[in-house]
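The shown structure was predicted, so the numbers you read here are calculated from the model rather than taken from an experiment. Order of appearance sets the numbers: ligands from 1, and atoms from 1 within every ligand.
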Amino acid sequence: MAVDLLLGLQWGDEGKGKIVDVLTQNYDIIARFQGGPNAGHTLEFDGIKHVLHTIPSGIFHENAVNVVGNGVVIDPVIFKRELDNLQQFNIDIKSRLLISRKAHLILPTHRLLDAASEASKGKAKIGSTLKGIGPTYMDKTGRNGIRVGDIEMKDWKKRYRALADKHEAMIDYYKAEIEYDLKELEAEFFEAVKVLKELTFIDSEEYLFQAQQAGKKILAEGAQGSLLDIDFGTYPYVTSSNTTAAGACTGLGVAPRQIGEVFGIFKAYTTRVGSGPFPTELFDDYGETMGRVGREFGATTGRPRRCGWLDLVALKYAVQVNGVTQLMMMKGDVLSGFDKLMVATAYKYKGETITHLPYNIEPENVEPIYTEMKGWSQDLTGMTKADELPEALNDYIAYLEGELNVPIKIVSVGPDRTQTIHR
Ligand code: IMP
């Protein structure tokens, strides 16, 4: 049985949480494979909005087991908060939420290091969510990290202390003016570790292998977006994990040949939160309207997201790197009332017209070349069937499908579970 993947194709915040929630009825297992609480996956149903950071978005469905894979980094403090928020829903967490022993832990000093590193960068800062993601993955690849499985061992606190002491020396090195009380942070951390220890730890690669053998349907849930991938994103303005399809193999221990459908999610326009190049960014009324109508604020940090037209050059690149087999277009409803829509189909780059994403997409190097399309005025938010969609939106969809050579199977017309049109 194949493992399907669901990934964001832009700079994150495409609406992965909502679509995983919609698709979970078709799956037995939902597995997160990378990232950590830098993510904010938003789900809405029955009039309630839920934001998940580390816990997979299938948690509200009784039919599904949720796995936090080895590629994920877990902050026990934030994890505990997420669990507290779930308490009112009577979910049997011990059987429905399984955690890989190989997932790495975010320590309080990782968060502090993130803050110190960012402060030291001044204008060149990444715009990190400051959740300690970069420093934790650095310790993972540097072979110094502490994993979930370690907290079951007797001597782990010794290793913790040595690592935290080293981090403190590194924080001093940055000479950043950050204030903190490590004792207090550690008390909170160890309290949260106790809660984490109550949960079910597994060897997730073995669990997922056996599940595949038994014919279970598995959906791997990505976090962030392809343009934030550590290798293929707009480096260094990226996150510290592989957000693209290959990350699901390493982040879960699933063999490449087991991958089935690759669902790629994109917004009908583009957003980015944090620093870094964004060729189609708008600084006019169109961008302001996208931000206001689309309520474009980070689910984790509350920061306003930068908005711009759809960038087909970047989207094609993401479709290609991920091997996307089905597309899902989010937030088409936000564009209702726009008199025109612009789509970047090429870049002017060093005097030439190119249609691939070059090494450097800083604004001084690339200028988007746009195709103008007709807008639509109809409110989409109450629509439930594909044949209700306005002609201009159908034209927009058909144009994108033609350019990307992949069918758009879902058009989302609002944040609620029910506002999802299947084509
Ligand atoms: P970090 O992963 O928190 O270090 O952040 C690195 C970059 O990725 C920053 O520009 C963040 O704004 C961005 N980023 C991280 N996680 C997300 C996400 O879930 N959605 C959108 N942007 C994100």
Below 30° counts as parallel, above 60° as perpendicular, anything between as tilted: where do the rings of [X] and [Y] land?
X    : Y    : answer
F232 : Y317 : perpendicular
Y286 : F338 : tilted
F190 : Y160 : perpendicular

Side-chain H-bond candidate by donor/acceptor type, Y269 with E296, under 3.5 Å: yes

Distance-only donor-acceptor check, side chains Q224 and N38, under 3.5 Å: yes

Judged on heavy-atom distance to [atom], which of [options] sits nearest?
atom                    : options                : answer
atom 19 (O) of ligand 1 : P37, G17, A39          : A39
atom 8 (O) of ligand 1  : L228, T301, V73        : L228
atom 2 (O) of ligand 1  : V238, I126, T239, V273 : T239

Check ion pair D75-K131 (N to O, under 4.0 angstrom): no

Side-chain ion pair, E14 and K331, N-O less than 4.0 Å: no

Contact atoms of ligand 1, heavy-atom distance to W11 under 4.0 Å: 21 (C), 22 (N)

N or O contact, S240 vs ligand 1, cut-off under 3.5 Å: no

[atom]: which protein heavy atom is closest, and how many Å away?
atom                    : value
atom 1 (P) of ligand 1  : S128 OG, 3.6 Å
atom 3 (O) of ligand 1  : T129 OG1, 2.5 Å
atom 17 (C) of ligand 1 : Q224 CG, 3.5 Å
atom 20 (N) of ligand 1 : D13 OD1, 3.0 Å

R303 near ligand 1 by a heavy-atom separation under 4.0 Å: yes

G127 touching ligand 1 at heavy-atom level, < 4.0 angstrom: yes

